[in-house]
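Okay, structure first, notes after.
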Amino acid sequence: MTSSTELIEGPGPAVSPKPLPPSPSRRRKGNPPRPRAPFRPYHLFFYLLLGAVALSSISAYAWVFNVSMKTDTEFISTPPWQVAESWRWENYADAWDRANIGLFFGNSVVVSVASTVIGVLLAVFAAYPLARIPFRFSGLILGLFLLGLMIPWMVTFAPLYLIMQDLGLLDSRLGLILVYATYNLPFNVFVLVGFMKTLPYELEEAAAMDGAGPARTFVSVILPLMGPGLASVAIISFLQNWNEFFYALLLIHSPERMPLPLGLFQLGQAADYGTNWSTLFAGMMITVTPVLLGFALLQKQITKGLTAGALKG
Amino acid sequence: MVEIARKLLVGLIVVPCLALTACGGGGAPAPAAEKAPDAKTWQQEIKGGPIEVGVLPAVGTPSLKFLEEVAAGLEKDHAGADVKQTFANTKARPALEQRWRAGDAPDVDYTMFDGTNPALLEWADSGALLDLKPYLDQVDSTTGKPWLEQFSPAVLQFMEHPATKKIYGVPSELSLQVLFYNAGLFEKHGITPPATWDELTKAADALKAAGVDPIAVTGLFEPYMGMWSDNLWLRTVGYEKAYGVLTKGEGAITDDPGFLTGLQMLQDLRDRKSFLKGFEGTDFTAAQAQFFQGKAGMILMGSWLVSEMADAIPADFKLGVLPFPGVTGGTGDQSAMLAAAQLMSISAKSGNIPLSLEWIRRVTSVETQSRRAERIGEVSAVKGVPSPPGLPGISDVVGKADRLQAAYYGLLQSKAKDVVYPEIAKLLFGKQDAKQTLENLDKGLRRVHGN
Amino acid sequence: MHKAAQRRIIVPFLLPALALLGVFFLYPLVKTVDLSLHEFSRTGATTFAGIEQYRLLAGDPDFFNSLKNTFLLTLIGSGMLFPPAVAIAWALSQRIHGERFFRFVVFAPVVLSVAVVSLMWKFLYHPTLGLINPALESMGLGALAKTWLGDPATALAAVTFVSVWHGIGIWVVLLCAGFERLPTDVLQAARIDGAGEWRVFRSIMLPMLRDLMRMLAILWAVQSLQTFAFVYILTGGGPFGSTDTVGTLMYRVAFDRADFGYAAAIGVALVVVMLSVAWLLNKVMKRDDLQY
């Protein structure tokens, strides 16, 4: 560990002739945040545009919230915009108890986090030799990964189902995690290979001269520089895994293992077959609120992470 | 980009090479099936343990609560019994069928068999289902008669394999396609409940004049729109003929003029603006809810309507039930009724067949069925069960039906489903008239049936 | 010397990722081709059928309809997505008031799950109980009210809109990254030369963002050609097939009809079509700026 820290702090910046990969953000470096631009007439257009977007999102949420406070009969018998008669928080208790929202939420967190970690980790390892070590089949292997980017994954669902069954991974969270991680690989490898290619080749040579083996060089020299790239693929993977529906629908059938999208879909079914709208809408609010709060808190980090390592054209 | 494309091509060439190694591997070995218990002694062989049973009602509905009580009773009477209920209705079917194919089926499931639907005989033919006949033939100690005699003879055609005469399912309830009407509304406006098609159009016009949309229908689920053409063709063509043309591909739809007549009647109803405003974008639950809100006067639906909507029916709602109107001069069956028996089948590979048998026996017992009819409003296929009070007049309606015929003509599991119902939807949406509908149906049916 | 040492890590570094890719993607992919040459019964029994499935496919209007819808969705979607996304990203890069708030509302739907968004919009679109039509009517615009999801003329666009509404945040963020990376000196120079902001945007920013845009367009295409969840939940492919995509068709063929062979053939055909389109686009664009 000692020599490795030395390596980053020592020659690292020195050998890099150009600024390290995509400068995380111009304003953080050096100059303090630019002051708010003074109002100019063309800004009106921006405000109108953003205002319309904001209005549409907010009224959508407001509508769902309002409905979540109604009774089922109220929902169908009153005009859609009429404010609910009373605050029916018991709808929320219902959704939580009867509809297992908490359970779905927990499953979603476990599955999305685990698959994202695996997908990013394996991708960064795979990307390294592909980007920086010339070898015979590197083009071919990269091609295999890129194939995964071009081919719609659902094409393979039938055999995938049979394989999952053979491996005993059907209806299990582990199975879903592995599938999602695989699903993330092509994009992650694609972005990370591009990212690594922007690093100067002198890095490894300098490390080698200091006697570090290739594995250590990777861990202590390359990896620390990958921060922004890793952050952006991790965020994109996470969002994808959090939202994935098709494979969850295909591979999971026990309610106690369902992630949120599937759980809510089931709840939607319950509404279809049993008029439980208020539970459904309360369930939606329950799932939406913590995610939005979390996002509001981490907004800066998330958008910055995405911005920093994001695709370079 | 060129590079990427080149690499992709390389990938494409390599992948098939892997195929050489890939094409082995079959399904997993099935878990050792328990030997089916002896028909005489199975009730003594019941032992505890987990079983998974498919159920039709969704989470949170009174119907499911009812079944949970039945399950609790079973668990109480047999130590160690653990009944897991799995939602097995329409949209859950794909995943469940995949589990059957994979040999990982629930112990008891729905929609695995229907003696009137050739597409649903395959599971039985492949040995996936337990033959229930020996158990049904066994004399029940409490009634002194074979278990089978408990069921109404009209449903035997659904339960029985047409070729082997084995039985692969028992009905937990009966779904009848009937015309519901808002009796309060009809009384208020002095409208006679329609017994014939002409009366139906008159009632529709009268409702229209009173400012109520006459008929609730969903535009987002095609088979429910198809109920109208299905029932009309039953009257104007007859079941056997229509079944032959639509599902089996025998002859052409243009051969019998009754098909066109039926479509023209439907077009006429459409042209009178009889369907719910905005039905094209209305989900079936919302359409049903609007009927119970008095925003539409009638709805053609399965008899499950009342149990499904139990929570959304206003206390003072007066419901009327009618058979689908007869067609004067129609050459089809004027008093047959489209119906489906919701059959529970047992997996031949079930690890606990006695307990599974006990589950279906309890669900279909006269006692359970009677309580269920009263509390939930399901129509029973068991003899001696009173008609559900929530469905006034249903026993009359059933009594008048001379024959139950398979709902949807068994189309739902056939390729012709994607031909027939979309065309009917187009007709209802006003995209084409009856003639064009017939032509398109003819073209589509010829394509899928290859005739 | 260190080159030789480096070679030793190639296999262990690549192996885990390749193993996953092999087991869960490449092998099923190969197997799909194999399945497409077979006929399946409902119970899963197979018989070899040769190219019969492909012969059927060539004459199947449902397949071509779904292919058409899938491409339409991609096309309409890019029209709905990119102009506003670019405009929003441009606006957010201007450091206007309320930037943080606007960033939040634009990105917020991205973190919601597809199921929530679809179910929500299914109700918002509802002709009489929803949000849009009653709102239009109360504004006196009742004539604009449509049965959005129930009208084949609007259903596909309505579904596409939901998927764009859900995902636009991510594209905005990626575009913002592009805007932030524009060289400030060049922009300033142009402004000092008296170029209006619109001119700066059109003649300097847009051209500089072209490569990023092309990249994003490809990503969008790949993503939307696989659209499944939105369609499945919102319309199930209806009304009468007007929103049926290849994804929903495959799902229906495989599971409703239990015809896995045919579903696999559809999948293989889709891959072939997609790769040809990619190849064609490539020919047309004739630029290899994504080269590694």
Side-chain angles (χ1 to χ4, degrees), chain B residues 1-5 7-9 11-12 14-19 21-23 25 27 91 93-95 97-98 100-102 119-120 122-123 125-128 219-222 276-283 286 289-290 295 412-415 417-418 421-426 429 431 444 447, chain C residues 22 26-27 29-31 33-34 40-45 59-62 122-123 125-130 133 145-152 154-155 158 214 218 234-236 238-241 251-252 254-260 271 275 278-279 281-282 285-292:
Chain B
M1 210 38 213
V2 171
E3 259 314 273
I4 292 186
K7 280 166 188 165
L8 284 175
L9 284 180
L12 271 186
V14 175
V15 168
C17 298
L18 292 173
T21 54
C23 298
K91 285 206 173 160
R93 292 313 309 162
E97 283 203 17
Q98 186 58 33
W100 277 90
R101 276 188 283 276
L120 284 175
E122 283 182 32
W123 290 108
D125 291 339
S126 74
L220 290 181
F221 188 64
E222 284 160 359
L276 181 72
K277 182 168 170 267
F279 78 91
E280 297 94 334
T282 301
D283 220 344
Q290 294 195 30
K295 289 178 185 155
L412 292 188
Q413 284 79 21
S414 104
K415 278 184 193 170
K417 168 196 172 194
D418 284 347
Y421 294 131
E423 293 302 332
I424 300 301
K426 282 187 213 167
F429 278 44
K431 301 287 169 193
R447 178 170 57 79
Chain C
L26 297 177
Y27 174 76
L29 187 65
V30 170
K31 199 79 181 143
V33 178
D34 179 36
F40 279 68
S41 79
R42 179 161 285 275
T43 53
D60 185 349
D62 290 346
K122 191 170 182 174
F123 282 97
Y125 276 135
H126 192 282
T128 49
L129 302 173
N133 285 358
K146 297 251 159 38
T147 49
W148 306 100
L149 292 176
D151 185 340
T154 51
R214 182 175 303 134
I218 291 172
L234 281 167
T235 63
F240 25 95
Y251 186 81
R252 230 181 29 246
F255 290 119
D256 283 1
R257 288 196 226 144
D259 201 344
F260 280 96
V271 170
L275 290 179
W279 180 78
L281 274 179
N282 205 23
M285 288 180 171
K286 261 248 159 46
R287 287 196 44 178
D288 46 355
D289 38 48
L290 284 173
Q291 167 136 3
Y292 280 115

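Note that the structure is predicted; figures quoted are calculated from it, not measured. Within every chain, numbering begins at 1; the chains are lettered A, B, ... in the order of the sequence lines, protein sequences first and strands thereafter.
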Problem - Step-by-step side-chain contact (heavy atoms from CB on, under 4.5 Å) determination, F240(C) to K431(B) - result: CA-CA 11 Å; F240(C) 25 95; K431(B) 301 287 169 193; 3.7 Å; yes

Where on [X] is there a heavy atom nearer than 4.5 Å to chain C: the side chain, the backbone, both, or neither?
{"X": "K415(B)", "answer": "both"}
{"X": "W123(B)", "answer": "both"}
{"X": "A128(B)", "answer": "neither"}
{"X": "E222(B)", "answer": "side chain"}
{"X": "S126(B)", "answer": "side chain"}
{"X": "Q98(B)", "answer": "side chain"}

Completion exercise
Under 4.5 Å to a heavy atom of chain B? For F260(C) that would be side chain

Exercise for the section: Tell me, for A254(C) versus chain B, whether the close heavy atoms (under 4.5 Å) come from the side chain, the backbone, both or neither. Expected result: backbone

Practice task
Give the member of L220(B), I424(B), D418(B) that has the highest number of heavy-atom pairs under 4.5 Å with chain C.
Solution key: D418(B)

Completion exercise
Sorted by chain and residue number, the side chain to side chain donor-acceptor pair (under 3.5 Å) partners of E423(B) (sequence neighbours excluded) come out as K426(B), Q432(B), N440(B)

Handout entry: Partners passing side chain to side chain donor-acceptor pair (under 3.5 Å) against R93(B) (at least two apart in sequence or in another chain)
Key = D109(B)

Exercise for the section: Check whether any side-chain heavy atom of Q290(B) sits under 4.5 Å from a side-chain heavy atom of F279(B), and report yes or no. Expected result: no

Problem - Side-chain heavy-atom pair W100(B), T43(C) within 4.5 angstrom cut-off - result: no

Practice task
Please report the shortest heavy-atom distance between F429(B) and G150(C), naming the atom on each side.
Solution key: CE2-O, 2.6 Å

Handout entry: Closest heavy-atom pair and its distance - H126(C), T282(B)
Key = NE2-CG2, 3.5 Å

